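Okay, so here's the structure we're looking at.
Since the model is a prediction, treat every value here as computed from it, not as a measurement. Any value given below was found using the heavy atoms of this structure, including those in side chains, with hydrogens, waters and symmetry copies removed. Numbers here are sequence positions counted from 1. In listed order, ligands and their atoms are each counted from 1.
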Amino acid sequence: MCGIVGYIGNRDAYPIIMNGLKRLEYRGYDSAGIALYDGETIQLCKTKGKVVDLEASVEKEISKTGKLGIGHTRWATHGIPNDINSHPHFSNSGDLVIIHNGIIENYATIKKELINRGYIFNSDTDTEVLVNLIEDVKKKENVKLGKAVQIALNQVVGAYAIAIFDKKKPDEIIVAKLGSPLAIGIGDDEFFVASDASPFIEFTNNAIYLEDEEMAIIRKDRDIEIRKIKDDSIVAPYVQELQLNLEQIEKGGYDHFMLKEIFEQPSVIKDTYRGRLLADKGIIKLGGLEDYIEKFTNADRIIIVACGTSWHAGLVAEYIFEDWARIPVEVEYASEFRYRNPVITEKDVVIAISQSGETADTLAAIKLAKEKGAFVYGICNVVGSTISRATHSGTYTHAGPEIGVASTKAFTTQITVLTMIALKLARIKGTISQSDYMLHLRELDLIPENVAKALKKNKEIEEIAAVFKDATNFLYLGRGYNFPVALEGALKLKEISYIHAEGYPAAEMKHGPIALIDEQMPIVVIAVNSNHYEKVVSNIQEIKSRKGKIIAVVTEGDTVVREMADYIMEVPNTPETLSPLVTTIPLQLLSYHIALMLDRNVDQPRNLAKAVTVE
Ligand code: G6P
């Protein structure tokens with residue numbers, strides 16, 4: 001969580017930092033701050049609230065001069081979101097200025113020692129402790145800033161991506177990384193630093209992604225020096241050419257990133273399988289999988305680890321893998337798995353799913369699984385992300401940047417990848433018939449078209465949203481493949497509208513949630529064509545007799561549920577196995593419209609962050 005951005009070069013740093021912060025705001029938006037340095041005075045401005053609030057404060061408080069700058073947008077961990085706890089933070093001498101994304105776990109002990117040595121702290125943050133530790137080392141050891149950073153970081157436990165500069169060195173920024181992401185953009189005689197490449201993509205396509213336990217000394221007009229934090233040894237820089245473009249990270253005429261990302265789904269699902277799915281020829285090509293196919297076909301079981309929406313995609317995968325490939329699957333919250341002392345063997349395959357590729361719990365689960373000898377396969381969206389590098393192999397979803405905090409296109413593209421993997425394994429293992437295999441390939445190829453049709457119902461869904469926007473509780477029900485969709489629908493609603501919502505397997509309703517049903521209660525039921533259709537119809541009857549308000553997701557042309565439901569949201573007919581890819585669309589739109597009508601911040605819901613790099 002938290003976004004960091006920095007610049008050193010010949011341009012004015014201010015607009016670069018400010019635009020960068022706006023692009024990184026999805027990472028946290030409790031407070032924001034900026035420090036600019038013109039070689040004489042450090043201009044510091046920070047404020048509780050969003051980047052626009054910072055922009056307004058800058059206008060009133062500081063001059064925007066300086067060719068060196070750093071900025072921060074915060075998701076609060078230590079200390080409440082207020083002006084003082086906002087970054088950047090100064091060291092006691094006023095010489096060092098730092099921004100930090102992460103958590104220093106042993107900050108309290110270090111702080112105590114520093115207080116004993118006469119240091120004074122203004123904020124409650126772990127970051128202010130870190131900058132003073134670096135200052136203390138620098139003075140005590142009489143070393144340059146880079147060396148002081150290296151020594152100090154060896155004393156801290158936790159996670160960090162930091163950028164720090166010294167008033168006495170106006171041509172230098174030092175950055176370091178462990179656990180939190182850090183990209184360095186390389187221009188001509190100028191350098192950019194950021195939590196992801198979005199702040200500098202219009203200036204350069206060349207970037208270095210620091211690995212964990214690496215730091216970089218960045219000097220204007222000089223080459224970057226990368227060192228290992230542990231032993232100070234030099235590392236050869238690996239410069240990547242980025243594929244990202246500016247258009248992908250802008251709203252493209254939509255009011256919100258979330259809406260843009262919902263509407264992008266037909267094209268990004270296609271991007272996910274482009275060149276990988278050759279439906280007519282009956283071929284699925286997945287490079288990362290083919291090299292390790294025997295790990296999968298010989299696996300005793302597959303364990304899927306993930307968080308949030310990615311966990312829901314994992315639940316869909318459980319149905320697909322077991323149904324087609326006949327491999328037992330367990331789906332685990334990464335945060336529970338990592339601390340549970342789970343039984344893992346070398347015959348297990350672990351699939352880690354993560355949009356950002358940075359989620360701390362998922363990363364820790366991967367490390368644990370690797371330690372125990374399991375083969376770990378990653379499904380990530382962000383190319384070059386920490387998780388994509390920490391896994392043995394994997395597949396990218398190619399959904400393009402997802403900026404809305406509520407995940408939408410990541411979910412459907414993750415399911416697309418998982419579907420291709422399951423189909424391929426089933427074919428190799430002979431657990432699916434040729435005709436079923438070919439049918440599903442063709443149907444998968446039709447999904448973008450079917451998602452586009454589902455999106456055409458946007459207006460009708462908006463009308464349903466208007467009816468229910470003031471409800472205080474929602475229930476979402478689904479069975480089989482659509483049970484995880486019910487969970488995801490409920491999550492979308494609570495995330496962005498702050499309405500309490502629960503997802504349940506439809507049949508479980510009788511074991512508790514039915515007590516909540518009265519005439520005020522909207523119940524979203526996924527009742528598309530499936531093996532469980534009749535059973536879901538019975539569940540709807542049970543709701544009706546308790547006077548609940550039924551909003552049903554039905555297959556186009558459905559007549560039975562249409563008669564019973566108060567409102568319907570139609571989706572095109574697809575095989576049940578692929579139906580989550582279309583049934584999730586109306587639920588995304590319903591949440592979006594309700595949140596909008598309630599005047600919520602759709603793209604940046606309160607208290608949340610897009611990439612959760614703390615556990
Ligand atoms: C956060 C985001 C969710 C996301 C989850 C897992 O909670 O707000 O949208 O599903 O993290 O993120 P990942 O990047 O690992 O998929």
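One option in Ile387, Leu608, Val405 has a heavy atom closer to atom 9 (O) of ligand 1 than any other, and that option is Val405. Among Ala313, Gly308, Cys307, Ala609, the residue whose heavy atom lies closest to atom 1 (C) of ligand 1 is Ala609. Among Thr309, Thr359, Val612, the residue whose heavy atom lies closest to atom 12 (O) of ligand 1 is Thr359.
A side-chain donor-acceptor contact under 3.5 Å links Gln265 and Thr412. Side-chain contact, Thr583 with Asn482: a donor N or O sits under 3.5 Å from an acceptor N or O. Side-chain contact annotation: Ser497 with Lys469, donor-acceptor N/O pair under 3.5 Å absent.
Close approach of ligand 1 to Lys610 is summarised as follows: ligand atoms under 4.0 Å from at least one heavy atom of the residue are 1 (C), 2 (C), 11 (O). In the vicinity of Ser407, heavy-atom distances shorter than 4.0 Å reach the ligand 1 atoms 9 (O). Listed by atom number, the atoms of ligand 1 under 4.0 Å from Ser354 heavy atoms are 13 (P), 14 (O), 15 (O), 16 (O).
Scanning the protein for heavy atoms near atom 16 (O) of ligand 1, the closest one is Ser310 OG, 2.6 Å.
Between His256 and Tyr592, the angle of the ring planes goes over 60°, which puts this pair in the perpendicular group of the 30/60° scheme. Using cut-offs of 30° and 60° on the angle between ring planes, the pair His87 and His100 is tilted.
Using a 4.0 Å cut-off between a side-chain N of Lys or Arg and a carboxylate O of Asp or Glu, Lys177 and Asp212 qualify as a salt bridge.
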